[in-house]
4 protein chains.
Amino acid sequence: MPKKSLLDEMIAQTKLSKKQTDKQQKIVEAAVKMFASNGYANTSTSEIAKVAGVSEGTIFRHYGTKDNLLLAVILPFIKESLPSMAENVFKEVFLEDESFESFLRALIINRWHFLSDNKELFKVIVKELLYNENLKNELLPFFTENILKRLNKVIDYYKSRGELMDLPSEKVLKMMLTVIFGYFVSEFVLFPVASDEIKDKDFDTIVRFIMDGIRKETVEG
Amino acid sequence: MPKKSLLDEMIAQTKLSKKQTDKQQKIVEAAVKMFASNGYANTSTSEIAKVAGVSEGTIFRHYGTKDNLLLAVILPFIKESLPSMAENVFKEVFLEDESFESFLRALIINRWHFLSDNKELFKVIVKELLYNENLKNELLPFFTENILKRLNKVIDYYKSRGELMDLPSEKVLKMMLTVIFGYFVSEFVLFPVASDEIKDKDFDTIVRFIMDGIRKETVEG
Amino acid sequence: MPKKSLLDEMIAQTKLSKKQTDKQQKIVEAAVKMFASNGYANTSTSEIAKVAGVSEGTIFRHYGTKDNLLLAVILPFIKESLPSMAENVFKEVFLEDESFESFLRALIINRWHFLSDNKELFKVIVKELLYNENLKNELLPFFTENILKRLNKVIDYYKSRGELMDLPSEKVLKMMLTVIFGYFVSEFVLFPVASDEIKDKDFDTIVRFIMDGIRKETVEG
Amino acid sequence: MPKKSLLDEMIAQTKLSKKQTDKQQKIVEAAVKMFASNGYANTSTSEIAKVAGVSEGTIFRHYGTKDNLLLAVILPFIKESLPSMAENVFKEVFLEDESFESFLRALIINRWHFLSDNKELFKVIVKELLYNENLKNELLPFFTENILKRLNKVIDYYKSRGELMDLPSEKVLKMMLTVIFGYFVSEFVLFPVASDEIKDKDFDTIVRFIMDGIRKETVEG
DNA sequence: TATGAATGAGCCTTCATTCAT
DNA sequence: CATGAATGAAGGCTCATTCAT
């Protein structure tokens, strides 16, 4: 897909926080919005240029390829934010002396806010993850490396504390993530609502569901 | 999108099992495969024609529009199978004297087999559901009407029998479906595997997860 | 354009009044209407077939070519009707003992009725005469041969009787025909009106205009 | 038909004589020629591109639509030239102290030269006026507003001076225009000749015909 | 004879990309 | 750096025409 050199340069640039031009910022902003609402394939570079208030040439001067622009939109979000993010999240959220349930609730709320601040980007990533095999193959290992491993450890930890059931950690994790990710997709991609009200109840419901399922607790006599 | 007349005719044709030409079948087959693997937007009618061993004109003679071809691929699956399917599924799966857990397991296994027989189609639908707002708006009400309502009743029933916890049925349902649908998407769309081995263990895991969550059952003294 | 053989056969058929099939009649009817309102180039054979209630194949079985169908629509009207028509018209209209003015009025009224009965066909011919160089080159000589020559003689006759001014007959004729033809085109092609009321007044106006122009007759003292 | 914005821009561009690119000029030139000789419907954009020595994409970058290209060819001619033209023509041609006959002769000669300079364009307009209902409906009101009204006043004026006969002015005008327009169509569209020799005789003939018709002036004794 | 499925060339149009300015 | 005119490959679609039944 992308010419490695340009892409690397792009990433390097983001890494070093080299100042993105005003124009570059506008381009990326426009691209995010339009990719999110119409999908990558249905968004033309000329439209992006128009919305960004920039000439089409400028887009290609900076990103070389439409494909590259997509990566420029997604990768910094993933490759940059994800690792350091993971770090921070676990600092904020994983407190050894708390229960797994607390951890779970904190994690969900934390990520919910993060995605709520990055709705559009999340849409783009979800859509293209399904649509674009290349992207999938590029992103998933990254995700596994940075997130899954860490979460696995957490689960192991709580299992060792006897809070979680005895299934293999990956299975526990998979179930858990299916619910959380499914919830986010439904919330931000499939059935987004304008309002920004925080839905405490939903968080409780999810946490409770993950922890205890839907069976009525039988009152033991 | 589609000219109603042609589309209706297409559906009518499917309904009555009027003989689809040999060529029509090949076209739809090719389309399903290619839409599934590359996505609708990245599949050209000329490629479909080539793969189907048919002239491009033939595609348009039968379906009028590429859009229509997509619908011709998806809608019969949805609009035709779904209602009668729902009927049958519930007959096979919902036995009043069984527990909810049994019902749930039966449902999951039943649908797993169905999707396993229609992997490609399922891929297409999931991908386009995210990518194509029109399609989403056309399919979702249908799904709600035929499936959700019915499931809601089932849940109400088991709630009245005291097997399920006291959350509003829609919330119970939403959680449940998130897991099941998430599992299917992961299984057939995101991380498909060639092998067709039935995964009993997974079914058990899911059922158990939905019913009881991941918390270690504390042994009550 | 047309394969001579088929075309000749068509004409021969018309000539001999060999029975046109029911279907053929419907095809030609539909074609005339649609060529008239949308033009030849904007009318597809499939539309004609649909309107005629006939399969597309049938059109080509009979006419071989869309081009041929156009000719089948126009030529019989021209090549058949025109000569015999001319004959009759002049019999009806040209009475040696009448004035040129009477002849002129009779001619205009006669042709007006004829075209009024064949509006659609006239539209087709006028439109395609401009649009289709081949057709023009085929039809004009025919017209010259059958109509112009005869009219020229009539004008010569009346000139010899001192009723018409001394310009070369062709010029007189050209002026005269420009008005008449222009009137018919405006009446039937450019600004057709639904109503079929005969417009006596217009006929008078035209005749008067052709004969005497628009200058106020100065009363000679 | 056209996206208003692009079209307006095109017209604005013409209005301000903003520099049409070299390529644009070539495109329009080629289009005029080919539309004139083959008609709009029989001219493909790829042929135009070839003749203009331009890529097909360039045509659509500038005109967006084949339809628009037609309008870009015709409308500036009509909407721009016509009003200011009308103004100038009447200044040059209508001198109050001259006779109607002088006015008529001057008008015909003036317009003849104009059309002689714009033969191809005139062909295109006449052909498409018959073929394209939309265009007709767009152009005619314009013509009425700018030309007919003015001519009507002129005729009223000369009628009041007793030079013209007492028919309603519109009828006088209609007759007159039928002859003039018919003459131009015959001259430039139906039977164009290569030579550019000015045909004084014809002008005289027409003027004389319009003024006095074809009847031999009877010498009153 | 009539049908209508099939064809494939050609049409208009879009769009990512290049490059001279 | 930015521009925007130019490109041309590719796309969806139309349509006259053919041919097996």
Side-chain angles (χ1 to χ4, degrees), chain A residues 3 21-24 27 40-50 52-70, chain B residues 19-24 26-27 41-49 52-69, chain C residues 21-24 27 40-50 52-69, chain D residues 19-24 26-27 41-49 52-69:
Chain A
K3 295 171 190 168
T21 349
D22 185 38
K23 306 243 170 191
Q24 281 191 62
I27 291 171
Y40 175 79
N42 298 320
T43 306
S44 74
T45 51
S46 87
E47 285 171 323
I48 296 175
K50 205 179 297 161
V54 154
S55 87
E56 223 175 329
T58 305
I59 292 180
F60 286 90
R61 160 158 292 279
H62 284 301
Y63 302 98
T65 295
K66 191 191 170 191
D67 247 37
N68 253 1
L69 176 57
L70 175 63
Chain B
K19 339 140 199 193
Q20 269 182 298
T21 351
D22 186 37
K23 307 248 171 188
Q24 279 191 64
K26 278 181 185 165
I27 291 171
N42 299 319
T43 307
S44 76
T45 51
S46 86
E47 286 170 325
I48 296 175
V54 155
S55 89
E56 213 175 337
T58 303
I59 292 180
F60 287 93
R61 156 163 272 274
H62 285 300
Y63 302 98
T65 295
K66 193 190 168 193
D67 246 39
N68 251 358
L69 176 57
Chain C
T21 349
D22 185 37
K23 306 243 170 191
Q24 280 191 64
I27 291 171
Y40 174 79
N42 298 320
T43 305
S44 73
T45 50
S46 86
E47 284 170 323
I48 296 174
K50 204 177 299 163
V54 155
S55 87
E56 224 176 328
T58 305
I59 292 181
F60 286 90
R61 160 156 293 278
H62 284 301
Y63 303 98
T65 294
K66 190 189 169 193
D67 247 38
N68 254 1
L69 176 57
Chain D
K19 334 137 200 189
Q20 269 181 298
T21 352
D22 186 38
K23 306 248 168 186
Q24 279 192 65
K26 279 181 184 164
I27 291 171
N42 298 320
T43 307
S44 77
T45 51
S46 86
E47 285 169 324
I48 296 175
V54 154
S55 89
E56 216 176 334
T58 304
I59 293 180
F60 286 92
R61 154 163 272 273
H62 286 299
Y63 302 98
T65 293
K66 192 189 170 194
D67 246 39
N68 250 359
L69 177 57

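The sequence lines fix the lettering, A, B, ..., with proteins before strands; numbering per chain opens at 1.
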Residues that [X] engages under side chain to side chain contact (heavy atoms under 4.5 Å, CB included), provided they are two or more places apart:
X     : result
D:A41 : C:A41, C:N42, C:Y131
D:S55 : D:T58
C:A49 : C:E56, C:I59

How close or far is atom [atom2] of [N] from atom [atom1] of [X], stated in whole angstroms?
X     : N      : atom1 : atom2 : result
A:N42 : E:dT13 : CG    : C1'   : 16 Å
A:I48 : E:dC15 : CD1   : C1'   : 12 Å
C:D67 : F:dA16 : CG    : P     : 11 Å
B:Y63 : E:dA6  : OH    : P     : 10 Å
A:Y40 : E:dA16 : OH    : C1'   : 9 Å
C:F60 : E:dT7  : CZ    : C1'   : 13 Å
C:D22 : E:dT1  : CG    : P     : 15 Å
C:L69 : F:dC15 : CG    : P     : 15 Å

What protein N or O atoms touch nucleotides 1-3 of chain F N or O atoms at under 3.5 angstrom, if any, and at what distances?
from: F:dA2; atom 1: OP2; to: A:H62; atom 2: NE2; distance (Å): 2.8
from: F:dA2; atom 1: N7; to: A:R61; atom 2: NE; distance (Å): 3.1
from: F:dT3; atom 1: OP1; to: A:K23; atom 2: NZ; distance (Å): 3.1
from: F:dT3; atom 1: OP2; to: A:S55; atom 2: N; distance (Å): 3.3
from: F:dT3; atom 1: OP2; to: A:T58; atom 2: OG1; distance (Å): 2.6

pair A:Y63-A:L70: side-chain heavy atoms closer than 4.5 Å: no
Counting a pair only when it is Watson-Crick or G-U and both distances are under 3.5 Å, which runs of at least 3 such pairs involve DNA chain E? E:2-21 with F:2-21
Counting only side-chain nitrogens and oxygens, does A:S46 get under 4.0 Å of the OP1 or OP2 atom of E:dC15? no
Counting just side-chain N and O atoms, does B:T45 come under 4.0 Å of either OP1 or OP2 of F:dG12? yes
State the CD-CZ distance between D:Q24 and D:R61, to the nearest 0.5 angstrom. 10.0 Å
What pairs with C:K66 under salt bridge (charged side-chain N to carboxylate O under 4.0 Å, His left out), at least two apart in sequence or on another chain? none
Using side-chain hydrogen bond (donor to acceptor under 3.5 Å, both in side chains) as the criterion, list what pairs up with A:S44, not counting sequence neighbours. A:S46, A:E47
Checking F:dG12, F:dT17, E:dC15 against the side chain of B:K66 (C-beta onward), the nearest is F:dG12
Pick from A:T45, A:T65, A:N68: which one makes a side chain to side chain contact (heavy atoms under 4.5 Å, CB included) with A:F60? A:T45
Work out which heavy atom in B:I27 is nearest to a heavy atom in B:L69; give both atom names and the distance. CG2-CD1, 4.0 Å
By nearest heavy atom, map A:T43 and D:S44 onto DNA chain E; which one lands nearer the 5' end? D:S44
